[in-house]
Amino acid sequence: MSDVSLVVNGKAVRGTVEDRTLLVQFLRENLGLTGTHVGCDTSQCGACVVHVDGKAVKSCTMLAAQASGSTVVTIEGLAEGSELHPVQAAFRDNHGLQCGFCTPGMIMAAVDMIGRHPAGLDEPTVRAELEGNICRCTGYHNIVKAILAASQTMAAGGGAASRAA
Amino acid sequence: MYSVSYQRAGTIAEAAKLLEAGDAAALSGGMTLIPAMKTRLSAPSTIVDLRHIPALKGIRATGRRVTIAAATTHAEVAASAEVKGVCPALCHLAAHIGDPHVRHMGTIGGSVANNDPAADYPAALLAMEATIVTNKRDIAADQFFKGLFETALEEGEIITAVTFEAPDQAGYAKFPNPASRYAMTGVFVARRSGQVRAAVTGAGDDGVFRSAEVETALSRSFDPAALQGVSVPAGNLMGDIHASPEYRANLIVVMAKRAVAQANG
């Protein structure tokens, strides 16, 4: 068994779990943060993307024990009360989802992507950067539009950009 | 996943000690090992996490000598100004491994130790005559890569860094498998004092190898045109549902041309 202690969405959490417990299982089953999804469970689809120490990673391919001591942000940690994070708002405004299953991972990937491209994004870059996130409704077009829109809002200092995870 | 014991090492010496336990595996970024454990292609009873060892982190460049500590991630290599200054081809290579999330976790040491026949780094290290540094010795890339998933590493031996003298010119081009992003064929070319080495990944049926045909042509003239009409034998190349050996033989020449064009900027 491993003692796991993390800061998740700003809150210190602890748990004692089997060593084989994946980070995504710990988030969903121990903490009840079911916004992070398990799509393929084979590191392909990106539905499980969360931020560990500020970097987007696939939480189905990391043990909770490996992450112990880290700061984690999940989809639940983005909005401030009823005010959506600019990326969430852009996905809503641009209809950047169909069934919604891949959306948490898409949004976490988008927040990370925008953070790594402070000079702004263009469409080919967004499409290349989405290589690790699969939408089986094939709704990429509006996802790309949403990310480009969010990138512009955040560059202009709009929404909750200042506290972007 | 099946039951496993997780140990976190704080130092290289501690990791070496923990790896002495029978059936232990070193865990770096885990981007290959954890999926392999899920499917039971790998089934160690203990995994020893190397990711938190400070001595395994960081990039040093002095003149043209570059040393990359083993637990440095692909994203860190891709973004390194030091590496970009002397060997931009390696940044380009690192920036095209897997996807952004995989690059945040996967490490150069892990990739090299695993020696997947379609991994990108082995081609670069072989072409650039890199040295693989372990907790026991230095191993030349020429002696390190032994075949499919096979290396010169002994039981429990830990890669601590890779080091190389940046060549005068280098380039890397790969044709990625559209699903896995692994190289269906990738070619790294490196030119040093007029001599050219070209290493091929993703195509050989015994892992990474040097292409004599490509090297001979490029040593005459380091230009994509020098590869016009060059043919690579398909005899020792991989064939699978994605591509036949003949298709890969053709891809080697095409990727070599693109790699040279990139090297010539």
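No hydrogens, no waters, no symmetry mates; every other heavy atom, side chains included, goes into these values. Throughout, protein chains are lettered first and strands after them, A, B, ... in sequence-line order, and every chain is numbered starting at 1. Since the model is a prediction, treat every value here as computed from it, not as a measurement.
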Is [X] in contact with chain A via its backbone, its side chain, both, or neither, using a 4.5 Å heavy-atom distance?
X: B:L33; result: neither
X: B:M1; result: both
X: B:A75; result: neither

Fill in the blank from the handout: Those residues at least two apart in sequence (or on a different chain) that pass side-chain contact (heavy atoms from CB on, under 4.5 Å) with B:A243 are B:M184, B:Y247, B:R248

Could you list each N or O donor-acceptor pair linking chain B to chain A at a distance under 3.5 Å?
unit_1	atom_1	unit_2	atom_2	d
B:M1	O	A:R20	NH1	2.7
B:Y6	N	A:D19	OD2	2.7
B:R8	NH1	A:S68	O	3.3
B:R8	NH2	A:A65	O	2.8
B:R8	NH2	A:Q66	O	3.1
B:R8	NH2	A:S68	O	3.0
B:K38	NZ	A:D41	O	3.0
B:K38	NZ	A:D41	OD1	2.7
B:K38	NZ	A:C60	O	2.6
B:R51	NH2	A:Q66	O	3.2
B:H52	NE2	A:Q66	O	3.4
B:D99	OD2	A:K58	NZ	2.5
B:H101	NE2	A:N133	OD1	2.8
B:H104	ND1	A:A56	N	3.4
B:H104	ND1	A:A56	O	2.8
B:R181	NH1	A:E131	O	3.4
B:R181	NH2	A:E131	O	3.4

Handout entry: B:K17, NZ: over 12 other non-hydrogen atoms inside 6.0 angstrom
Key = no

Examine whether an atom of [X] lies under 4.5 Å from a heavy atom of chain B, and if so say whether it belongs to the side chain, the backbone or both; otherwise answer neither.
X: A:L130; result: neither
X: A:V57; result: both
X: A:M62; result: both

Completion exercise
Of B:V102, B:I47, B:L27, the largest count of non-hydrogen pairs under 4.5 angstrom with chain A goes to B:L27

